[in-house]
Amino acid sequence: MKGKLEVKGLSAGYGKKRVIENVSFEAERGKLTVIVGPNGSGKSTLLKAISRIVKPESGTVTLDGESLYSLSPKERARKITYMAQGRDVPEMKVGALVLHGRFPYKSYPVHYGEEDYRIVDEELEKMDILHKKDELLSSLSGGERQKAYLAQCLAVGADVVLFDEPTAFLDISFQLKFLSDAKALAREGKAVVMVLHDLREALEVADSLMVMKEGRALMEDTPSAVFESGILESVFSVSVRKAEDHYYILKS
């Protein structure tokens with residue numbers, strides 16, 4: 001379980017607009033790292049830059065000391081997987097979508113084998129939508145569609161898993177289940193990094209919490225240390241209280 005994802009001096013943006021500036025942080029294998037920040041603080045762009053969906057202007061990303069940027073796109077796709085916040089809805093069946101998660105392991109012409117189909121069924125079962133396998137993605141509810149994309153992401157089996165608002169559209173019971181599963185995924189030895197909008201949720205689920213504002217990383221530490229620093233009040237303009245093991249977010 002030793003090792004970690006290290007991001008150093010990462011800057012990136014779109015065209016001439018720089019969105020993140022000199023961001024550095026670490027995500028240890030075995031721990032769930034959660035990123036929070038106001039809207040527009042660069043959280044999604046940071047994940048895209050780590051996975052090189054957005055090409056960084058400067059900075060490095062390494063996993064266990066190995067540069068992820070020195071790998072070929074297919075090799076990098078085996079190491080790191082990213083689930084975006086907003087996605088198009090292709091006209092394909094749910095099972096076919098999840099099967100695409102196995103693409104980085106294939107050569108041309110692509111041939112999926114018994115193990116690939118087994119993994120697809122396992123991930124759909126975990127998401128409780130195996131019975132939707134042969135249905136069109138467009139026919140699913142927003143929550144079911146989110147589960148299908150989660151299954152696709154997990155089917156890759158990558159060492160680094162990046163989630164951008166993964167609990168969006170999910171009902172509360174499955175939100176709690178997914179967050180528990182995300183921690184279990186980290187405990188398997190993966191570096192799991194997740195952007196969450198819900199500040200209370202982030203404080204309670206994270207092993208390590210990073211706070212961003214205006215494209216910069218302001219602090220990364222345990223949720224307790226971040227809470228005690230008072231930085232959340234200044235960044236979010238809210239009052240944060242803790243009673244026993246639970247956090248409460250109040251308007252300032």
Side-chain angles (χ1 to χ4, degrees), residues 3-29 31-88 100-101 103-104 146 149-150 152-154 156-168 182 185-186 190-197 199 202 206-221 226 231 235:
K4 57 191 171 184
L5 174 76
E6 292 184 88
V7 176
K8 293 183 179 180
L10 205 60
S11 297
Y14 307 94
K16 295 182 179 180
K17 182 182 179 182
R18 182 170 285 187
V19 178
I20 59 171
E21 182 77 42
N22 196 33
V23 175
S24 297
F25 76 99
E26 297 180 354
E28 294 183 32
R29 286 179 179 268
K31 293 185 177 181
L32 175 59
T33 300
V34 176
I35 302 172
V36 297
N39 290 338
S41 58
K43 304 182 297 295
S44 296
T45 300
L46 175 59
L47 296 191
K48 291 176 183 177
I50 292 171
S51 56
R52 212 174 171 82
I53 292 172
V54 169
K55 186 177 180 180
E57 298 173 21
S58 61
T60 61
V61 177
T62 61
L63 177 64
D64 306 336
E66 177 186 29
S67 171
L68 290 177
Y69 290 167
S70 66
L71 302 176
S72 70
K74 184 167 283 190
E75 288 173 328
R76 189 164 55 248
R78 296 173 190 164
K79 293 280 189 178
I80 184 168
T81 185
Y82 162 71
M83 197 188 88
Q85 184 177 9
R87 297 163 301 276
D88 294 330
H100 277 306
F103 182 79
Q146 184 79 335
Y149 281 109
L150 287 169
Q152 180 197 37
C153 186
L154 296 177
V156 179
D159 289 327
V160 179
V161 185
L162 309 177
F163 291 123
D164 193 356
E165 296 285 2
T167 56
L185 193 65
K190 299 182 185 297
V192 182
V193 181
M194 181 185 301
V195 168
L196 285 178
H197 176 76
L199 188 55
D207 294 308
S208 180
L209 187 65
M210 186 171 81
V211 183
M212 291 187 68
K213 184 178 181 181
E214 297 178 350
R216 295 181 178 273
L218 302 184
M219 182 178 185
E220 181 192 9
D221 210 321
V226 172
I231 194 173
V235 169

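Computed from a predicted structure; not experimentally measured.
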Note to self: Please give me the minimum heavy-atom distance between V161 and C153, naming the atom from each residue.
What the structure shows: CG1-SG, 4.1 Å

Next item on the list: Determine the sole option in T81, V160, L71 for which the side chain to side chain contact (heavy atoms under 4.5 Å, CB included) test with R76 is passed.
Entry: L71

Item checked: K74 versus P104, closest heavy-atom pair with distance -> CG-O, 3.1 Å

Margin query: Using every non-hydrogen atom in the two residues, find where M210 and F25 come nearest and quote the distance to one decimal.
Written below: SD-CB, 3.4 Å

Item checked: Side-chain donor/acceptor of D207 to backbone N/O of L32, under 3.5 Å -> yes

Checklist line | Pairs touching residues 33-54 that satisfy salt bridge (Lys or Arg N to Asp or Glu O under 4.0 Å), sequence neighbours left out | finding: none

Checklist line | Closest non-hydrogen atom pair between A49 and I20, with its separation | finding: CB-CD1, 4.2 Å

Next item on the list: Would you check if the side chain of S41 reaches a backbone N or O of P38 as a donor-acceptor pair within less than 3.5 Å?
Entry: yes

Checklist line | CG-OG1 distance between L5 and T62, expressed to the nearest 0.5 angstrom | finding: 7.0 Å

Next item on the list: Work out which heavy atom in A168 is nearest to a heavy atom in Q146; give both atom names and the distance.
Entry: O-NE2, 3.3 Å

Check: Should V211 and K213 be marked as a side chain to side chain contact (heavy atoms under 4.5 Å, CB included) after you check the CA-CA gap, both sets of side-chain angles, and the distance that decides it?
Finding: CA-CA 7 Å; V211 183; K213 184 178 181 181; 5.9 Å; no

Margin query: Test of understanding: with side-chain contact (heavy atoms from CB on, under 4.5 Å), list the residues that count as partners of S51, not counting sequence neighbours.
Written below: I53, I80, Y82, L162

Item checked: Those residues that, when tested against E26, pass side chain to side chain donor-acceptor pair (under 3.5 Å) (two or more places apart) -> K4

Notebook entry, point to check: For A202 and V34, which heavy atoms make the closest approach, and how far apart are they?
Noted result: CB-CG1, 3.7 Å

Notebook entry, point to check: Could you state the interatomic distance from OG1 (T167) to NE2 (H197), rounded to the nearest 0.5 Å?
Noted result: 10.0 Å

Item checked: Residues forming a side chain to side chain donor-acceptor pair (under 3.5 Å) with S70, sequence neighbours excluded -> none

Next item on the list: Kindly check if the number of other-residue, nucleotide or ligand heavy atoms within 6.0 Å of NZ (K8) is above 12?
Entry: no

Notebook entry, point to check: Just one of L46, V36, V195 clears the side chain to side chain contact (heavy atoms under 4.5 Å, CB included) bar with M212, so which one?
Noted result: L46

Note to self: Within this structure, what is the CG-CE distance for the pair L47 and M83, rounded to the nearest 0.5 Å?
What the structure shows: 10.5 Å

Margin query: Using the side chain to side chain donor-acceptor pair (under 3.5 Å) criterion, which residues pair with T33? Sequence neighbours excluded.
Written below: none

Notebook entry, point to check: How many angstroms lie between CG in L68 and CD in E6, if you round to the nearest 0.5 Å?
Noted result: 11.0 Å

If you look only at distance, which donor and acceptor atoms sit under 3.5 Å apart when one is on a side chain in residues 54-61 and the other is two or more places apart or in another chain?
from : atom 1 : to  : atom 2 : distance (Å)
E57  : OE1    : R18 : NE     : 2.8
E57  : OE1    : R18 : NH2    : 2.4

Check: Just by modelled atom types, is the H100 backbone N or O under 3.5 Å from a matching donor or acceptor in the Q152 side chain?
Finding: no

